Amino acid sequence: MNSLLDRYDVFLFDCDGVLWTGLEPIVGAKKLLQVLLAREDKTVILVTNNSTKTRALLNDHVKKVLGFSMPDERCLYSSGVACAMYMRHQLKEGEKIFLMGSNGFSSVLKECGVEAVGHGVHEPMDLHSFSTFQPDPTVKFVVGGFDPQLTHTKMTKAFIYVREFGAEYICTNQDLVCPLSSSRLLPGTGAVLAGLTAALGHTGKVIGKPSPIFFDIVAREHGITDKSRVLMVGDNLLTDIQFAANSGIDSAVVYTGVTKPKDVTESAVKPTYCLNSVAELL
Amino acid sequence: AVVSTQSTGAKGIIDQFSTFLIDCDGVLWTSEKAVKGARRALDALIKAEKRVILVTNNCGRTVSSIQTMMDEILGIPDIPKRDVITSGVATAIYLKNRMKIEQEKVYLIAQDAFSKTLDDYGISHFGLGPQPFRNTVEWGEFEVDPSVKYVVVSLDPDFNHSKLTEAYLYITENNAEYIVPDVDMFYSCKRGDGTRKIPGTHSVQAGLSAMVEKAPTPIGKPSRFIFDMIQEEYGPLDGGRTLMIGDSYETDMKFGFNCGIATALVLSGNAKKEDVEGFERQPDFVMDDISGILD
């Protein structure tokens, strides 16, 4: 499999289920990244749909699990970072966004110079109080990410911004579940935003995986022009491998996360390569 | 005025039926103000000694608050409790009389009025009110109480990830029954002279329904459960002489079709005149407002 390291120069890695599971590193992941980071002709970029951390916090997690930090924070992307970059050039002076997201996402937006309203806990409103709800007229986007504070009240305000006031609705991702353990699943961003999706009749523009918008943003920041030299490595067929397909790049699925070999057989989207783990790249 | 009718009878609509099942919001009142013609229509129904049963999916109101509204807004002071059916009441009767609930616990995602309705029927429940976020460590340690056998999911302004997760765990780990008192996609509230459409109960259920495999138990319109329940509890109705009057095609009209009873759509609430020609199936009557039954 050494030919894989020769065939590609840019390696995009999903994180959970690929480089680590929670706080446990995948065997061989540390060594692989160290080898790649030591080579000047190779680029390593982490791409995660988890929008709850800033780049700095993501790097802290890398250090905690793998024992070293990524030397360049620009090589760490969350779907939250991608959303911030997507919007930043489209917002004029004084224009804001309505945010349904985590504290980490709020920090990411601030760092990118995007001003958000609506973040945090909302006083519950009964249906008839919405008669007098007056939105902020400077809001141009409604942004959905994993929001532990998303209540029906907050979601209704988002709905009014989009449906009545024409705000553009974008979201970080639509992953329905995230596995807590082998026996327990937790609701993911897709489940949290499902109510707004049902009410609007659409998910909004997905910026994170599997959207190729995420790839365009990464490619632009890193000057990636030759897609044939890019490999996406992930554990999720619907997000990681579909992302690669949508972006026109090759992909490798690893079996250390949510996908097992029979899932690949049954899947419409096929990865270019199937690996037991990232260790096989070496 | 009657806008259109499938009926060829010469009799007025009110004379053709003995029992009138009437939706509330958009038919009798909107945001606590009487709908035009509602008072006249109700007075005529009572004078003609017709059976009037209010059937509303709205479980944000208790029966006694609806009785008060009937009195204060429409001048009808004595509508009996058993003739006011909310999906909250129907859920309580389902749990008590159909499922014969005893020690089993109910996890409730709903507004305050719903909890009071369950209290009225002596059904104990938990989960009402705000629930702080629990992180992954807390969820890993969360012990699922095996006596929670029912999860009731209705509109809840405090509904969030934590409640969604807890509901999901009772359904998947306890095989708890997932009950949906209503599945309304939207509600309307007054805005200036018109109405503002806002996400309804379905938006609270969407994430949970997507995550669990089993279909939920429907209670409210358009399911015919309430029609069957009224008859089981209070005696048979003459289906051929029963009319459902409502403002929503998806809930009220489909309820009427499912029960095999006559249907009248009013245009004073959800449905608009331009929607009518696009319906898969035409209601028996379409009218500007409920006073159309007097024509």
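Everything numeric here is computed off the predicted structure, so don't read it as measured data. Here is how names work: the chains are called A, B, and so on, in the same order as the sequence lines, proteins then strands, and each is numbered from 1.
Using a 30° and 60° split on the angle between ring planes, A:F146 and B:F133 fall in the perpendicular class, above 60°.
When each of B:P199, B:A206, B:G200 is scored by its heavy-atom pairs under 4.5 Å with chain A, the top score falls to B:P199. Contact count against chain A (heavy-atom pairs under 4.5 Å) is highest for B:P157 among B:G207, B:P132, B:P157. Between chain B and the residues A:G195, A:S131, A:A191, the largest count of heavy-atom pairs under 4.5 Å involves A:S131. Contact tally against chain B (heavy-atom pairs below 4.5 Å) for A:L127, A:L193, A:L150: the top residue is A:L127. Considering only heavy-atom pairs separated by less than 4.5 Å from chain B, the leading option among A:A199, A:A194, A:G188, A:P148 is A:P148. Residue with the most contacts toward chain B among A:M155, A:Q149, A:H122: A:M155 (heavy-atom pairs, distance under 4.5 Å). Top candidate by heavy-atom pairs under 4.5 Å with chain B, chosen from A:V192, A:T197, A:L186, is A:L186.
Both the backbone and the side chain of A:L185 come within less than 4.5 Å of a heavy atom of chain B. Of the two parts of B:E173, only the side chain, counted from C-beta on, holds a non-hydrogen atom closer than 4.5 Å to a non-hydrogen atom of chain A. Only the side chain of A:I160 comes within contact range of chain B, with at least one heavy atom under 4.5 Å from a heavy atom of that chain. The part of A:F159 that comes within reach of chain B is its side chain, from C-beta onward, which places non-hydrogen atoms under 4.5 angstrom from that chain. Only the side chain of B:L169 comes within contact range of chain A, with heavy atoms under 4.5 Å apart. Heavy-atom distances place no part of B:S162 under 4.5 Å from chain A, backbone and side chain included. The contact between B:D156 and chain A is made entirely by backbone atoms, counting heavy-atom distances below 4.5 Å.
For the pair B:K197 and B:F186, the cation-pi test (distance below 6.0 Å, angle within 45°) is passed. B:R196 forms no cation-pi arrangement with B:Y187, by the criterion of a distance under 6.0 Å to the ring centre and an angle within 45° of the ring axis.
Under 3.5 Å, the side chains of B:Y170 and B:K149 contain no donor-acceptor pair of N or O atoms. Under the 3.5 Å distance criterion, with hydrogens and angles disregarded, no donor-acceptor pair is assigned to the side chains of A:N50 and A:T48. If you check the side chains of B:E177 and B:T217, you find a donor sitting under 3.5 Å from an acceptor.
At distances below 3.5 Å, not a single donor-acceptor pair connects side-chain atoms of B:N160 with backbone N or O atoms of A:T151.
Salt bridge status for A:K209 with A:D240: present, with a side-chain N to carboxylate O gap under 4.0 Å. A salt bridge links B:D25 to B:R61: at least one charged side-chain nitrogen sits closer than 4.0 Å to a carboxylate oxygen.
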